[in-house]
Amino acid sequence: MPGRLDAPFVHHDLIPALGPIRLDELAYEHTHHFVQAQLTAGRGRPTIWHILATLSSAIGDAVRQHRLPVNVVRPTVLPRPASAERTIWTPTQAIRFLRHCHTADPDFADLTEFLIGTGLRKGEALGLHWDDVHLGSRTGYIRGPSRRSTTTSSP
């Protein structure tokens, strides 16, 4: 969601709070006071972080276009919230899910089984090219949206 300038909080939060300030006059203190006001109003830290990430993206774009000298939202006033701990499925849970998928949508089940079996992300799997897949050696060259290149082997 960071960087979405059409996000509702742009119009409901950023513009009312910071809109009257000219961008070339926007300072770290403005964002600090904005964060404090949001926290006092009971807003959640993840929501505030997303609001600041959107603002930082917009200011960063202006810096890259040489319209502003510096991104005053960086470093962020509020650290990124920790990601929720993920629970990994047990083999029994994965089998149950795959059985459901094979009944409900066999094509989706094939992709899901491939993802579970290889550990790839959806975007990495969908970004594969046949030149990257070596069925004989059960290996593949991964070039996913994360722009990392690794070799993975299927069991």
Side-chain angles (χ1 to χ4, degrees), residues 1-19 23 31 34-65 67-68 71-155:
M1 186 177 297
R4 283 193 48 218
L5 296 180
D6 62 337
F9 46 73
V10 171
H11 297 285
H12 295 112
D13 298 297
L14 288 173
I15 292 173
L18 302 173
L23 285 180
T31 57
F34 172 77
V35 167
Q36 294 306 312
Q38 294 294 306
L39 289 170
T40 300
R43 296 296 289 272
R45 287 180 175 268
T47 300
I48 299 170
W49 185 86
H50 281 289
I51 292 170
L52 291 177
T54 299
L55 178 60
S56 179
S57 177
I59 299 292
D61 189 51
V63 170
R64 283 186 294 282
Q65 294 178 17
R67 294 179 178 183
L68 291 174
N71 186 344
V72 296
V73 186
R74 304 288 292 163
T76 183
V77 178
L78 192 67
R80 182 180 195 138
S83 296
E85 187 172 333
R86 295 187 175 129
T87 304
I88 298 173
W89 283 348
T90 65
T92 303
Q93 291 170 321
I95 290 168
R96 181 175 171 219
F97 180 72
L98 287 173
R99 282 187 182 144
H100 169 75
C101 290
H102 278 288
T103 301
D105 187 346
D107 292 333
F108 178 70
D110 292 340
L111 174 62
T112 304
E113 189 168 347
F114 180 71
L115 295 174
I116 291 172
T118 60
L120 292 178
R121 297 175 184 147
K122 180 178 66 173
E124 292 169 334
L126 294 174
L128 285 173
H129 298 263
W130 277 112
D131 293 345
D132 299 330
V133 178
H134 308 285
L135 296 175
S137 61
R138 300 173 65 109
T139 61
Y141 191 70
I142 311 306
R143 302 171 227 243
S146 60
R147 299 193 189 273
R148 62 187 178 128
S149 295
T150 59
T151 301
T152 186
S153 178
S154 178

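- Atoms CG and CG, from L68 and L23 in turn, are 5.5 Å apart once rounded to the nearest 0.5 Å.
- Interatomic distance, L52 CG to L14 CG, rounded to the nearest 0.5 Å: 7.5 Å.
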Q. Should F34 and I51 be marked as a side-chain contact (heavy atoms from CB on, under 4.5 Å) after you check the CA-CA gap, both sets of side-chain angles, and the distance that decides it?
A. CA-CA 10 Å; F34 172 77; I51 292 170; 3.7 Å; yes

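- The NE2 atom of H100 sits 16.0 Å away from the CD1 atom of I95 when rounded to the nearest 0.5 Å.
- Partners of F97 by ring pair (Phe, Tyr, Trp, His ring centres under 6.0 Å), not counting sequence neighbours, listed by chain and number: W89.
- When atom types are taken as modelled, the side chain of T112 and the backbone of F108 share a donor-acceptor pair closer than 3.5 angstrom.
- Between S56 and R74, the closest heavy-atom pair is OG-CD, 3.0 Å.
- The environment of NE2 in H134 is crowded: more than 12 heavy-atom neighbours from other residues, nucleotides or ligands sit within 6.0 Å.
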Q: Could you go through the side-chain contact (heavy atoms from CB on, under 4.5 Å) check for D132 and I142 one step at a time?
A: CA-CA 7 Å; D132 299 330; I142 311 306; over 6 Å; no

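- Within the 4.5 Å cutoff, side-chain heavy atoms of H102 are placed close to those of D110.
- At least one donor-acceptor pair closer than 3.5 Å links the side chain of T54 to the backbone N or O of H50.
- Considering every non-hydrogen atom in both A109 and L98, the closest pair reads O-CD2, 4.0 Å.
- Note that CG of L120 is 10.0 Å distant from CG of L126, once rounded to the nearest 0.5 Å.
- Pairs passing the salt bridge (Lys or Arg N to Asp or Glu O under 4.0 Å) check and including a residue from residues 39-54, sequence neighbours excluded, read D13-R43.
- Between the N71 side chain and the I59 main chain, no donor and acceptor come within less than 3.5 Å of each other.
- Note that the CZ atom of R67 and the CG atom of D61 stand 8.0 Å from one another [nearest 0.5 Å].
- With sequence neighbours excluded, the residues forming a side chain to side chain contact (heavy atoms under 4.5 Å, CB included) with T90 are T92, Q93, listed by chain and number.
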